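Convention: sequence-line order gives letters A, B, ...; per-chain numbering from 1. Remember, it's a predicted structure, so these values are computed and weren't measured experimentally.
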Amino acid sequence: MLVFVDSYKHKDKHKDKEHRHKDHKKDKERERLKHNSDHRDSDKKHRDKEKLKHKDGSDKPRDKDKYKDKERRKEEKVGKMTKWIKKQRREDRRKTMRQALKIVFTYFVYASACHLSLKFSIIIIIFLIKDIKPKKKTKDKKGDVPDGKKKAKKEPEEKWKWWEEERYTDGVKWRFLEHKGPVFAPPYEPIPGNVRFYYDGKQMKLSPEAEEVATFFAKMLDHEYTTKDIFRKNFFKDWRKEMTPEEKAKITDLSKCNFTEMSVYFKAQSEARKQMSKDEKLKIKEENERVLQEYGFCVMDNHKERIANFRIEPPGLFRGRGDHPKMGMLKRRIRPEDVIVNCSKDSKHPKPPPGTKWKEVRHDNKVTWLVSWNENIQGSIKYIMLNPSSRIKGEKDWQKYETARRLKKCVDRIRNQYREDWKSKEMRIRQRAVALYFIDKLALRAGNEKEEGETADTVGCCSLRVEHINLYPEKDGQEFVVEFDFLGKDSIRYYNKVPVEKRVYKNVQLFMENKQPEDDLFDRLNTSILNKHLQELMDGLTAKVFRTYNASITLQQQLKELTNPDENVPAKILSYNRANRAVAILCNHQRAPPKTFEKSMQTLQTKIDAKKDQLSDARRELKSAKADAKVRRDEKSKRAVEAKKKAVERIEEQLMKLEVQATDREENKQIALGTSKLNYLDPRISVAWCKKWEIPVEKIYNKTQREKFAWAIDMADDDYEF
DNA sequence: ACAACTACTTAGAAAGGCTGAT
DNA sequence: ATCAGCCTTTCTAAGTAGTTGT
């Protein structure tokens, strides 16, 4: 909670903006509440309470220019907004009119065909038209949506700026929560009779239960998973559990099972799906949209918020990452009876599908999830939660970066501290200090201990084993080199050779003494000891804060270093990507090189070559035009020279762009930028950079990312310092 | 002190779908 | 109109870290 005191101080200069904004907003709120007058009394009470909370804050003198500038920007915005709203209303009226005309027309066609009387017709028409408008109103009421959201498919007229409101401080996550519950996986559709399964060369009809599990395997037949022993063993064991006694008796060897017809059938199905007509595709799209509108949103504290994963995971075969001991196991189908629903007491509770019951309905506002269920592979709990653009996720994200910024203020002290601790008499303190040094310097993850045999064998810092490191007194001209080679999260390999300080080197040497390769390097340390220590050094400090801090500070430094003010926009963006890349490398965010990488690189090179040819042609033409102009000395040839010059410049620029693109892509071959961008880089750094160099923020963040980082885009100025 | 449980963030792969070239 | 190639979205596994119970 203390975290926010800080951030609020920082926000002082935004405050006047907030106030003006709020008045405007209040009016809107009032209007909306009028519309929703029948919507839950208690809810309204909360809102009133909330409103009271927001009234505090004082006006402090501040930088005049900035103030003016902001005001101007805001006015522009508001002006645009009203224009937009008006336009929407106009369009709505037109739409209504068109709708009415259509109904009348349709009716008349029908009426004349049926020879109905005019009087009767008029009554009917009046009735029909009357129905157009009220219908909309009921819709608005129901969804608790600021109107315009549904009518206009584009952006709703004004996004809720939750970051300008006060937060809950008492561990309460919400006061009101209403949703429709999860969407369940569609029931199993048996395959047609002509798609057969063979056991030991003979056709065999499977019971629906066994057949369903067989199809899971058949769908994965092309994947190398299905060739792995553990996968096959786990699958077969779980499959047999679904078989009838007869099937069980007969099917005893997986290698005698022939799933090819099923596999071919599913491939044909997906092919057919691709070949569907536009109309059919549109229909599916519309249906998906309908489901999204119904189940994809919830109401949390008076605001409609997007849900991240409203669909319950369908049954299938578990696919772990890396060498997972449980790969191939059957992930069972989740039924309403497995599901716990969380919502507020005074909300309209979601209904379980007809004839079913929820496992439980609870009203716990100390948590953020809407739905949970137990998963059968690891025995863990799965949740349905909100989208990253939601208040509840955004606040937390913002808070995360504020904690990292607080670390920035005391990181020197902490670094000095752990350097001191390398000399400690106590082994546990030295281990702690060395581990922390690695976490800080190399951005390693904390490394919780894991239950053996339950998951793939991966490690983080605290769980490193002797076998994961090698020591070299000297390597490649550097002294005291530690070589790391281990599998980290998602079984991604971490390989790095780092020269370290002598003291660290000696310590590691000592930690490794008299140990087997499979022994823990830090035998006196675990994540909870480390985090407890960190907590003492700074409120809210944990191991992962170092990753966030180092990632963000690296981005900021790299941007300062790499951005060349004289370069054009694409070149600046390349610099941004390079800064981003430096972070991704630090955090070891890797990806499998795209399957089409070589090819796409080649086509790009072809394009570059073609562009080069084009450029030399253009240059030649320019030369001859110049020569021509020298001889002729008339207006026309002069103009021709100018035109050629322009053409050359244009082509030069295009070539530049392509070359930049090629460099960017090549450097990005095995590196994934997305993860750091989404989870480690304070978005305000990027936003500030964009503003400073007048780069449209869309060049850096796509639509989803802009939604997630709306708070940062709104509040960061060009001079923001992490 | 620790193990087990819970809640939430971080992660890469795969699927989906858009777009510009042909 | 089609299709490849790319970016976006979805999916859900795999982490971190706090809490609870023994």
key: Length of the line joining A:K274:NZ and B:dA14:C1', which is rounded to integer Å   = 12 Å
query = Which class fits the ring pair A:H468 and A:F486: parallel under 30°, tilted 30 to 60°, perpendicular over 60°?
reply = perpendicular
Scan nucleotides 4-8 of chain C against the protein and return all N/O pairs shorter than 3.5 Å with their distances rounded to 0.1 Å.
residue: C:dG5; atom: OP1; partner: A:K599; partner atom: NZ; Å: 3.1
residue: C:dG5; atom: OP2; partner: A:K599; partner atom: NZ; Å: 3.1
residue: C:dC6; atom: OP1; partner: A:S600; partner atom: OG; Å: 3.4
residue: C:dC6; atom: OP1; partner: A:R665; partner atom: NH1; Å: 3.0

d(CZ, A:R591; P, B:dA14) in whole Å = 14 Å
ask   = Separation of A:L444 atom CG from B:dT10 atom C1', in whole Å?
value = 16 Å
task = Answer yes if the ring centres of A:Y680 and A:H589 are under 6.0 angstrom apart, and no otherwise.
result = yes
remark   = For nucleotides 10-17 of chain C, 5' to 3', base contacts (B), sugar-phosphate-only contacts (S) and non-contacts (-) with protein non-hydrogen atoms under 4.0 Å give --SSBSBB
key: A:H223 side-chain N/O to B:dA13 phosphate OP1/OP2 under 4.0 Å   = no
query = Is any side-chain heavy atom of A:V361 less than 4.5 Å from a side-chain heavy atom of A:C343?
reply = yes
message = Tell me whether A:K237 at atom NZ has more than 12 heavy atoms from other residues, nucleotides or ligands lying less than 6.0 Å away.
response = no
task = Nearest whole angstrom, please: distance from the P of B:dA13 to the CD of A:E224.
result = 12 Å
request  = Would you check if the distance from the ring center of A:F438 to the ring center of A:F484 is below 6.0 Å?
outcome  = yes
task = Encode nucleotides 2-8 of chain B as B, S and - characters from 5' to 3', where the letter depends on protein heavy atoms closer than 4.0 Å: B to the base, S only to sugar-phosphate, - to neither.
result = ----SBB
remark   = From CZ of A:R547 across to C1' of B:dT10 the rounded distance in Å is 9 Å
ask   = With ring centroids as reference points, do A:F318 and A:H324 lie under 6.0 angstrom apart?
value = yes
Identify the pairs formed between an N or O of the protein and an N or O of nucleotides 17-19 of chain B at a distance under 3.5 Å, and give each distance.
none

request  = State whether a side-chain donor-acceptor pair under 3.5 Å links A:N588 with A:Q590.
outcome  = yes
ask   = Are A:F310 and A:Y295 an aromatic pair by the rule of ring centers under 6.0 Å?
value = no
query = Is the centre of the A:Y701 ring less than 6.0 Å from the centre of the A:F709 ring?
reply = yes
request  = Can you label the angle between the A:F235 ring and the A:F259 ring as parallel, tilted or perpendicular, going by 30° and 60°?
outcome  = perpendicular
Nearest-angstrom distance from the residue atom NZ of A:K611 to C1' of B:dA21 = 14 Å
A:Q535 atom CD, over 12 foreign heavy atoms within 6.0 Å = yes
message = So, using side chain to side chain contact (heavy atoms under 4.5 Å, CB included) as the criterion, who are the partners of A:I608 when residues are at least two apart?
response = A:Q605, A:K612, A:L655, A:L658, A:E659, A:A662
ask   = Once you round to the nearest 0.5 Å, how far does NE2 of A:H363 lie from CG of A:N365?
value = 11.0 Å
query = Which ones in residues 668-682 of chain A lie close to DNA chain B, meaning a heavy atom under 4.0 Å from one of its atoms?
reply = A:T675, A:N679, A:Y680
query = Atom NZ of A:K278 and atom P of C:dA1: how far apart are they, to the nearest Å?
reply = 6 Å
ask   = Between the main-chain N or O of A:R175 and the side-chain N or O of A:D301, is there a donor-acceptor pair closer than 3.5 Å?
value = yes
query = Does atom CG of A:D229 have more than 12 heavy-atom neighbours, drawn from other residues, nucleotides or ligands, at distances under 6.0 Å?
reply = no
request  = Establish, from distance only, whether the side-chain atoms of A:N577 and A:N668 form a donor-acceptor pair under 3.5 Å.
outcome  = no
